[in-house]
Structures are given as structure tokens and as C-alpha cells.
Amino acid sequence: MLQVTFIRENKELVIERLEKRSIDATKMINDVIDFDEDRRRIQAELDNTLAESNTLSKEIGDLYKSGQAQKANLLKEKSGKLKEASKELSESLNAKTEALNQLLYKIPNIPNELVPSGNSELDNEEIFKAGDIPVLHENAQPHWELAKKYDIIDFELGNKITGAGFPVYKGKGARLQRALIAYFLDKNTAAGYTEYQLPHLVNEASGFGTGQLPDKEGQMYHVTEDNLYLIPTAEVPGTNIFRDVVLSESELPIGITGYTPCFRREAGSYGAHVRGLNRLHQFDKVEILRVEHPKRSHEALDEMVNHVKSILDELKLPYRILRLCAGDLGFTSTLTYDFEVFSTAQDRWLEISSVSNFETFQANRLKLRFKNSEGKNELAHTLNGSSLALPRVLAGILENYQTKEGIVIPEALQPYTGFNIID
RNA sequence: GGAGAAAUGGCAGAGCGGUCGAAUGCGGCAGUCUUGAAAACUGUUGAGGGUCACACCUCCGGGGGUUCGAAUCCCUCUUUCUCCGCCA
């Protein structure tokens, strides 16, 4: 959520940047400013009424003490009127604040100046590409065929146990998953991230804190009995560690990594491009997450991008990095880099990581602040990224490393799998 | 799941319905002393809003109520602790 004071002080900039997202920002922003003015006016009125009422109460107390009950009773009437007035004022203040908030919840983050304009993924800017696309043998297959051939992932079984989108990994497939998780976590902790194991269900306040609620409710599985949500990403429990927290400046920067399964309803996505591991209801992901000083959050974003790069380089997978255009940029993000691995057998790119800087957008909702050098509380910046999402990395490995003899395990992973080929 | 107790400032811990934004201790910060440090002593030290700055307003787990007036009384929710039961 954007800060009202920032909107007030940078109205033109905010409108201009938001319009890159092809939304009509002028009215929204004007409304915010109007509502905020109203809100502050009512607040001031209420404050004055309360102040009057407070002094009156003191006077009444004094009168009682000095035995002047009659005079006191007279003042009580006046006090009653003030009370009514303050009740009305506080009701209209609440209504106004609520209206303002509802408005603010609907306004996405302001795209960074680097964000290219554009409406669809076609306008994303490719900024980097690495790794050779292998020349596969004649009978090369997509990963879902390979999974079946080597009996390492069973989609039908998952279908039986739960439903579509809940695959069962077995044998070397299961081991490869575990190896990837361990490998990613090791890379991340070596880079300075502290490993966490986080809850897989979150409450409403947490869903709100990272921006999934109230709008993207339909994307999460909801356990209505206990009013909890299955996490769609470790970002939710991970970032909410810092909800309502005031850090000292010396605690920054903070880096966290964690493995969690992720649950997504993916309502409405069907068709060929969701085949196999391409899009699932449950998948595994290792996440990295940072809390940064506003002055160096963009430097931190670059560091995260380089970190993810180093992992993909080591795995020797063909990948590219995209700078997302305004139209493709997530609601809460100000700048996002997507990593895509090339799926050779499908002849298409698969998103395997998304690294974003949210600046103060989440922090404002979370009330995540640090005490700056002037002793004032200041919103911190939050960032996160996947390192990495497992299924598509797995798809990438299966397809790009397939040989007539079997699936060769990337060298960096072999210490973790304990085998070097799936055959 | 059953029974009981509790929730106060960074922490610990007081708090007759008005003089309580809140005693006291610890911690933090500044100073005195010291070559320096420690100890001791002195002062200072919650958060948010508002203002050029004051004033002023709000906050004692959350929400609601009683009262002219609530940290203090009532209702309710949540959380924590103790005991019992169940259990990976």
C-alpha cells in the first residue's frame, strides 16, 4: 500500500508512473487526496472536541471534590453533548478512514523508472541470456513423457489421491527433489541468508500484510474451519516475520531463506501449457527474502539477481532474465526480474524465479520499520525472490539433460543425489 | 478437549475510578570521576497523529459497554502459563 503522505507530496509523479500500468490513476489519486484531507479535517475536529471534553471532566472532578455537586451536575449536561458530538465525529472518521483504505488497497505499487512500458509479456525486456540450448537426440521427449518413462513422477497417482496438479514424486524423482531443495538452501545460506522453517498456513493478518488479501483471495486455499490460508509462497509467512516490528538500523540488512511447499488454486488455468510440471496446485519452492535500508534496496535487488544467476550457471541450464514491463509487473512490486529456463523439448521458456523489490509497499501494510539515524521510525524496504521454484527447474533438467542413456544429473547436484544418471 | 491464572513501556514489575503516559529496578543514552575502562554518582529515556514550533489528541493484548471521567468496573474475543485428558 502506498503511503498517503508520499502521494500527497508527489502527486504528479505517482500518477505518471501508475499510468504506465495502463490504469486511470488521475481519479484514484485525486480521490485519495480528497479523502485524506477530509479525514484529517475530521480528525482535527474530533481532537478538539475530545480536548474540550477532557478539560470538562477534570473540572467536574474538581467541583465534586470541593463539594459543589450542583455546579458539577450542570457541567455534566454539557459533557453529554460533547460526548454525542465526539461519537458522531469518530464514526465519520472511521468511515472516512475505511473508505480511504479501501481506495489505497486497490492502488498498485509505483513502477520503477527502469520498468519498460507495455501491456503484456511480449513487452518484457530481455536483459540477459546464458547457457547453451542443447541439441537433443532425435527421440527427445517433453518432461512429462520422461517422467513416465523413468517412473519418477506419477501424475495419475496424484490425481487419484488428491486431484489434478498434485503430482507424486517417486524413487530417483523424489530424491532429486530433495537434492534440489538441499542444494538451493546450501547456496543461499552460503550467500548469507539465514535458513528458516516456516508455517505452511497463515492467518488473515498475514495474508493481508503481504498483499494476498483482500483482493487475491481466490488464489489461496482457505481452511474455513480455522480461518487459515495455505501459503501460496514462503513470501507470506517469511515477510510476516516482520509484521509490526521496529528494527534498529544496525540489524539491517536481513536475509532469510526457506523451503516450503506452495499451494495455489490457479482457478481458471487449463490447457496444454499447464501440462506436466508447468503449472501445479502444489509445488516446492526455496525462497530468499530481504529486509533492506531504503538507500540500498536496489543494490540488494541486483545482488539477488546475481545470486540466482550463479545457481543457474552452476546447474548449466539455458536461461534468460527479463525485466518485467509495467503491464506484467505484480501488484505489489516496483521492479521485477523474471528468470526463465528454456524447455528444449517444449520449445518454450518457463518461469523459474521472480525477484522483486517492493520498496515500502509491503512494509507500509506490515508496519515494518527501522529506527533511522535521526531516531525516527522509517519504513524499511522488502524484497524477495525464488531460488528456485522446483518443478520447472526439474522440467528443465529432465528435458535439457536427457540422453539416449538416460537423464544425466548436473555435476553440482550429484553430491546431493548420490547418483549421476536416471535410467 | 476440561479446570484455573494471567496479559501494563526494550525487559522485569507496581498501579484506591479523577492528581497515571503510568512507581520502582534493569537495560539504553549523555555527563562527572578515570590515562582508558569498570564501579559509583547525576541527568535523560515509550509509540503514533498533529503543529513552523508549541498546544492538543490517541495508545496499558483486540473489540464493545458502564461513567462527567477507566490501566483500574462489566461483557466478549485472542494469546500465554499451570493442572488434567489425548497425541506425532
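Chain letters run A, B, ... following the sequence lines, proteins first and then strands; every chain starts at 1.
Side-chain nitrogen and oxygen atoms of A:N54 include at least one within less than 4.0 Å of the OP1 or OP2 phosphate oxygen of B:C57. The shortest distance between the side-chain N/O atoms of A:N48 and the OP1/OP2 oxygens of B:C56 is not below 4.0 Å. Contact check, A:K58 against B:C68: no side-chain N or O comes under 4.0 Å of OP1 or OP2.
Within 6.0 Å of CD in A:Q414 there are more than 12 heavy atoms belonging to other residues, nucleotides or ligands.
With A:T257 contributing its side chain and A:E195 its backbone, the two residues share no donor-acceptor pair below 3.5 Å. With hydrogens and angles disregarded, no donor-acceptor distance shorter than 3.5 Å links the side chain of A:R39 to the backbone of A:T97.
Residue A:L56 is out of contact with every strand shown, counting any heavy-atom pair closer than 4.0 Å. No engagement by A:D62 is indicated, since no non-hydrogen atom pair under 4.0 Å with the nucleic acid exists. Across all strands shown, A:S57 has heavy atoms under 4.0 Å from base atoms, whether or not it also approaches the sugar-phosphate. Among the atoms of the strands shown, none is found under 4.0 Å from any heavy atom of A:K367.
Cation-pi contact between A:K172 and A:Y150: absent, since separation from the ring centre below 6.0 Å together with deviation from the ring axis within 45° is not met. Within the cation-pi definition used here (under 6.0 Å to the ring centroid, within 45° of the axis), A:R178 does not qualify as a partner of A:Y416.
Atom CG in A:L379 sits roughly 13 Å away from atom C1' in B:G48 (whole-Å rounding). Nucleotide B:G48 holds its C1' atom 16 Å from the CZ atom of A:R40, rounded to whole Å. Across the protein-nucleic acid pair, A:K371 atom NZ and B:G28 atom C1' stand 12 Å apart, rounded to whole Å. Rounding to whole angstrom units, CG of residue A:L89 and C1' of B:U58 are separated by 15 Å. Atom CD1 of A:I60 and atom P of B:G17 are 19 Å apart (whole Å). Rounded to whole Å, atom P of B:G50 lies 12 Å from atom CG of A:L93. The distance from atom CG of A:L50 to atom P of B:G48 is 21 Å, rounded to the nearest whole Å.
Side chain of A:R369, nearest nucleotide from B:G50, B:G48, B:G69: B:G48. Listed nucleotides B:U67, B:U58, B:C56 differ in distance to A:A51; the shortest reach to its side chain belongs to B:C56. When distances are taken from the side chain of A:S79 to each of B:U58, B:C68, B:A47, the shortest belongs to B:C68.
Using the Watson-Crick or G-U wobble rule with both distances under 3.5 Å, B:C11 pairs with B:G25.
Comparing A:T5 and A:N94 along RNA chain B, the residue whose closest nucleotide (by nearest heavy atom) sits nearer the 5' end is A:T5.
Checked against the 6.0 Å centroid threshold, A:F242 and A:F370 do not count as a close aromatic pair.
Between A:S117 and A:C325, the shortest heavy-atom distance links the atoms O-CB, 4.0 Å.
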Every protein N/O lying under 3.5 Å from an N/O of nucleotides 72-81 of chain B:
none

